[in-house]
Engineer: 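Got a structure here, written out as structure tokens. Questions coming.
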Protein chains: 2
Amino acid sequence: MSTVPPPTVLARATLFDVARLVGVSIQTVSAVINDKPGISEPTRVRVRQAIDQLNYHPNILASSLRARKSFTIGVIVPSITNPYFPEFVRGVEDVAHEHGFSLFLCNSDNQSDKELAYLQLLRRHAIAGFIDACYMENSRCRETLVDLIEHGVPVVVLGNVRIHPKTVVVDSKNKQGGYAAVAHLVEMGHRRIGVIKPPPTIVGLDRLSGFQLGFHDHGLPIIDQYWVEGGFDVSHGEAGIKRLLELPHPPTAVIAANDLVAMGAATALRQMGKRVPEDISIIGYDNIRMAELYDPALTTIAQPVYQMGVTAMRAIIRRIDDRSLGGAKRDFNPRLIIRASTLPLRRNRKARRLIRREQGIA
Amino acid sequence: MSTVPPPTVLARATLFDVARLVGVSIQTVSAVINDKPGISEPTRVRVRQAIDQLNYHPNILASSLRARKSFTIGVIVPSITNPYFPEFVRGVEDVAHEHGFSLFLCNSDNQSDKELAYLQLLRRHAIAGFIDACYMENSRCRETLVDLIEHGVPVVVLGNVRIHPKTVVVDSKNKQGGYAAVAHLVEMGHRRIGVIKPPPTIVGLDRLSGFQLGFHDHGLPIIDQYWVEGGFDVSHGEAGIKRLLELPHPPTAVIAANDLVAMGAATALRQMGKRVPEDISIIGYDNIRMAELYDPALTTIAQPVYQMGVTAMRAIIRRIDDRSLGGAKRDFNPRLIIRASTLPLRRNRKARRLIRREQGIA
DNA sequence: TTGTATGCGTTATCAC
DNA sequence: GTGATAACGCATACAA
């Protein structure tokens, strides 16, 4: 009926509007905005004034489309509510922002189909780079990642997988860290050790294999009942510890998939009237901020999470600047942090002394 | 020199490629993709096959540009490493994803200039909606938000401010919650109460005013030395409690700006050989997951954070669907959760009984 | 130094 | 049902 534009939507000023106001052409304005040479100083000033006056702001959508490059990075994590990931994302974001990139954040909940859906969505967004912190082996996810990579999008995967020669792998040697957790407990004299298993992500499986190798190398038998299914959430710790306590001979020490699980287990133990570490030692993984604050302060395996985020994002930026760069692997060392949640086994002091002597500890 | 295209960058298939392969026009393909009526079933099938075959994926940049609507939502928080915000963001994200929206995540660190920089960046990204969870009074931020709103972008602000009639405010009555914290401690017989203050964000100031009103209504004098500067991080709790303990008459109870601060303070106290709550009671705010796990479990004021995130995102979606919708205010009720970190004051049992009787508690 | 023409990949409005 | 044409806002190559 009416040709009056809808009153609620004000049109934004465009390059055209600015150009018209100044009396120059569109690309002159564009050149001023992008600090390109070849524009006289007086013109630059007049253009800038007009930009202010019209409250003009470039449309990144249009500019990305035309320039065939975007300034958005896709980041996918299992769940941002796991305190490990905010730290990682923060590292990514700080570097990204420094270089003018924005972050698309996605939560996969460790579900391959969700991960896949997000991967596909991000591909449509024409992202400039991609960081996958929740990769799980899945043919369609792998396909999509490979597709992204082959279309020139730099991809970083958190964890020990090489999806494609051009992938950048950022890892913290979870196998080695897992091994160290076992070694620590064994050193403390524990031999009946329970494990609350991580989820089957790349990182989780790697960590698990470290636990297994540790058991093997220290001559500990792997008995299924002592390896309960778990995950990376507090609830997995609560459920896991209950199953372990129902065993005829409950473990004297427990390895939790991560700190959250360790705290869930420790708190559940406390509520059941058990003491940590006097009755049961618990070791976590990740060294999240709370591990230190928790009482008992958690013995755990630390990773430089923030730094890993920084590294991931830097790798992407370097590959955006130089497309010819290939894949890479950046390994960070895990570090055992002994606090209050683990204690030497007291049941059999003689055995403990024996073990210590064997390992050459004073 | 050479006219050979760079070998590293494969061109993505476009609508044009699909149309050519099938032998139809571009807009026929577009119609199939967007499930528009008017295309025969055989054509639809052939188009879909071609899409698969060419591995075609729509370019959201182009589609947003042309359709003048995007599917990205800007979210800005103080810092994603404060466990309160992942919970909030998760609520936002779950709803967003359900409706096909993606999230731009930004951290302001409670710095107005960073907030402003992000606001401007998001405006350029032609976002479909915006959620500000870290608003601080600042004329330029306000200007930018108003500009966004007047250009038809739905804006949600976390905290008790009305920036513009069309703003949606999601709040949890921080003043009331702050008041409840004071009331709880008074009820426990405390009168010498220390406060580790929140930062001057909208939410922080509101909470602070609740503390002040609580002091006033319960006849407690407000003595500057007992109100130490703080923030929302663990470190503020550690620093704050130290200053409070240096006082000639240290407080018998402390109100922390939030749970993180409370845990920082409690842990520092423990390290200084003091007991919580026997020597000093501490009350937090937010009821983050860790508050329950912490030992002593934290008495705190709970807010339905996840639900607040959900509400914020829903408000945006409703306003995208119906541009005529105006502003709104959605208030959530804070809830006192009494756990182990607060205890009745024992110094003067008579006084305590007196207070209880006055308040009609058995 | 500045202007002209063209296209990025998509959607919208018309005819046919 | 389908196809031609224009436009979204911007950047690039080239000519002037």
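Per chain, numbering begins at 1; letters A, B, ... match sequence-line order.
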Engineer: Hey, are B:Y306 and B:D94 close enough side-chain-wise for a donor-acceptor pair under 3.5 Å?
Structural biologist: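 Yes, B:Y306 and B:D94 have a side-chain donor paired with an acceptor closer than 3.5 Å.
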
Engineer: May I have the distance from A:R20 (atom CZ) to C:dT2 (atom P), rounded to whole angstrom?
Structural biologist: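 Between P of C:dT2 and CZ of A:R20: 20 Å.
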
Engineer: For nucleotides 1-3 of chain D, print each protein N/O atom paired with a nucleotide N/O atom at under 3.5 Å, atom names and distance only.
Structural biologist:
from  : atom 1 : to    : atom 2 : distance (Å)
D:dT2 : OP1    : B:S40 : OG     : 3.4
D:dT2 : OP1    : B:T43 : OG1    : 3.0
D:dT2 : OP2    : B:S40 : N      : 3.0
D:dG3 : OP2    : B:S25 : N      : 2.9
D:dG3 : OP2    : B:S25 : OG     : 3.3
D:dG3 : OP2    : B:T28 : OG1    : 3.0

Engineer: Does any non-hydrogen side-chain atom of B:M313 lie less than 4.5 Å from one of B:E93?
Structural biologist: no

Engineer: Please determine if a side-chain N or O atom of B:N59 lies less than 4.0 Å away from the OP1 or OP2 oxygen of C:dC8.
Structural biologist: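 No.
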
Engineer: Can you list the residues that meet the salt bridge (charged side-chain N to carboxylate O under 4.0 Å, His left out) rule with B:D109, with sequence neighbours excluded?
Structural biologist: A:R90, B:K114

Engineer: Should B:D17 and B:R20 count as an ion pair when the cut-off is N to O under 4.0 Å?
Structural biologist: yes

Engineer: Only pairs at least two apart or in different chains count here, so list each side-chain hydrogen bond (donor to acceptor under 3.5 Å, both in side chains) that has a residue in residues 53-66 of chain B.
Structural biologist: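 Passing the test, one end in residues 53-66 of chain B: A:R123-B:H57, A:D147-B:N55, B:N55-B:H57.
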
Engineer: Can you name the salt bridge (charged side-chain N to carboxylate O under 4.0 Å, His left out) partners of A:K69, sequence neighbours left out?
Structural biologist: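 Salt bridge (charged side-chain N to carboxylate O under 4.0 Å, His left out) check on A:K69 returns nothing, list empty.
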
Engineer: Tell me what B:L15 touches on the nucleic acid: a base, only sugar-phosphate, or nothing, going by heavy atoms under 4.0 Å.
Structural biologist: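 Base contact - B:L15 has a heavy atom under 4.0 Å of at least one base atom.
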
Engineer: Report the residues that fulfil side-chain hydrogen bond (donor to acceptor under 3.5 Å, both in side chains) with B:E115, sequence neighbours left out, ordered by chain and then residue number.
Structural biologist: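 Applying side-chain hydrogen bond (donor to acceptor under 3.5 Å, both in side chains) to B:E115 gives none.
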
Engineer: Run the ring pair (Phe, Tyr, Trp, His ring centres under 6.0 Å) test on B:H125 and A:F71 for me, step by step, so that the C-alpha distance in whole Å, both residues' side-chain angles and the decisive distance to 0.1 Å come before the verdict.
Structural biologist: CA-CA 10 Å; B:H125 268 290; A:F71 287 90; 8.5 Å; no

Engineer: So which of residues 61-70 of chain B are in contact with DNA chain D, with a heavy-atom cut-off of under 4.0 Å?
Structural biologist: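 Within residues 61-70 of chain B, the residues near DNA chain D are B:L65, B:R66, B:R68.
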
